[in-house]
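Numbering of ligands and ligand atoms starts at 1, following listing order.
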Amino acid sequence: MRVLISESEIHARVQVLGAQLTEEYAGKPLTVLAVLTGSVVLLADLIRATKVPLRVALISASSYGGTRTTAGELSVNSSLVPDLRGRHVVVLDDIFDTGKTMFGLLETLKSFEPASVKTAVLLWKSERTEVQFEPDYYGFRIPNEFVVGYGLDYNDEFRHLPFVGIPDEEDLIAAAGESGID
Ligand code: IMP
Ligand code: MG
């Protein structure tokens with residue numbers, strides 16, 4: 001597997017993102033709403049780099065019927081989301097690809113009537129964006145390559161890697177295992 005972004009590069013960039021959130025949300029009630037499952041590694045590092053009081057909440061989004069890079073029908077499960085009225089929300093995900101996942105999440109969140117909503121992601125595949133907005137905070141713009149690690153998966157594997165890498169064909173075949181995914 002080729003390393004695209006090293007562990008130390010990620011660490012340094014997450015500290016900068018944390019400093020940005022610290023400045024933006026000083027004196028504002030902040031809830032970091034993490035999108036399961038890809039954002040959990042970033043969540044753990046980013047909240048410790050953010051030096052203002054904050055709450056953590058979880059939401060789940062998955063797309064069915066898609067391929068590994070193309071989202072299918074989006075399904076959002078907001079049953080774990082607490083009351084957000086009056087809270088300033090940062091929706092945190094691993095990657096902003098077409099942006100359709102984030103778009104669907106923002107639509108869902110409207111009914112929670114938060115004071116404000118911004119978006120933050122580790123990676124932004126800016127060439128692929130199909131929505132009329134961009135992430136408010138992002139770690140790295142990356143080219144249109146399929147990546148894994150630091151939360152990002154292929155067939156639910158590779159999330160634990162401390163770096164972001166581009167898997168080669170053998171990595172993908174090994175991870176596909178018995179499920180026989182392409
Ligand atoms: P969207 O196109 O922005 O809606 O992203 C859809 C979902 O596809 C993301 O939440 C990721 O789970 C997944 N995804 C997109 N690109 C990659 C990638 O390069 N590696 C792993 N997952 C990806
Ligand atoms: Mg995901």
Margin query: With a cutoff of 4.0 Å, is Glu145 in contact with ligand 1, counting heavy atoms of the residue only?
Written below: yes

Check: Which pairs with one or both residues in residues 43-59 pass side-chain hydrogen bond (donor to acceptor under 3.5 Å, both in side chains), sequence neighbours excluded?
Finding: Asp45-Arg48, Asp45-Tyr150

Next item on the list: Flag Gly99 as yes when one of its N or O atoms lies below 3.5 Å from any N or O atom of ligand 1, and as no otherwise.
Entry: yes

Next item on the list: Please state which part of Val148 comes within less than 4.0 Å of ligand 1, counting heavy atoms only: side chain, backbone, both or neither.
Entry: neither

Notebook entry, point to check: Asn144 and Glu127: which non-hydrogen atoms are nearest, and at how many Å?
Noted result: CB-OE1, 3.6 Å

Item checked: Residue list, side chain to side chain donor-acceptor pair (under 3.5 Å) with Ser79, at least two apart or on another chain -> Asn77

Margin query: Ignoring hydrogens, what is the shortest heavy-atom contact between Asp93 and Ser39? Give both atom names and the distance.
Written below: CA-CB, 3.8 Å

Next item on the list: Report yes or no: is the cationic atom of Lys100 (NZ for Lys, CZ for Arg) closer than 6.0 Å to the six-membered ring centre of Phe103, at no more than 45° off its axis?
Entry: no

Check: Counting each atom of ligand 1 from 1 as listed, which ones have a heavy atom of Thr101 under 4.0 Å away?
Finding: 1 (P), 4 (O), 5 (O), 6 (C)

Item checked: Residue-ligand contact Asp153/ligand 1, heavy atom below 4.0 Å -> yes

Next item on the list: Write down the atom of Phe133, the atom of Gly99, and the distance for their closest heavy-atom approach.
Entry: CZ-O, 4.1 Å

Notebook entry, point to check: Does Met102 come within less than 4.0 angstrom of ligand 1, counting non-hydrogen atoms of the residue?
Noted result: no

Note to self: Asp97 versus ligand 1: do any nitrogen or oxygen atoms come within less than 3.5 Å of each other?
What the structure shows: yes

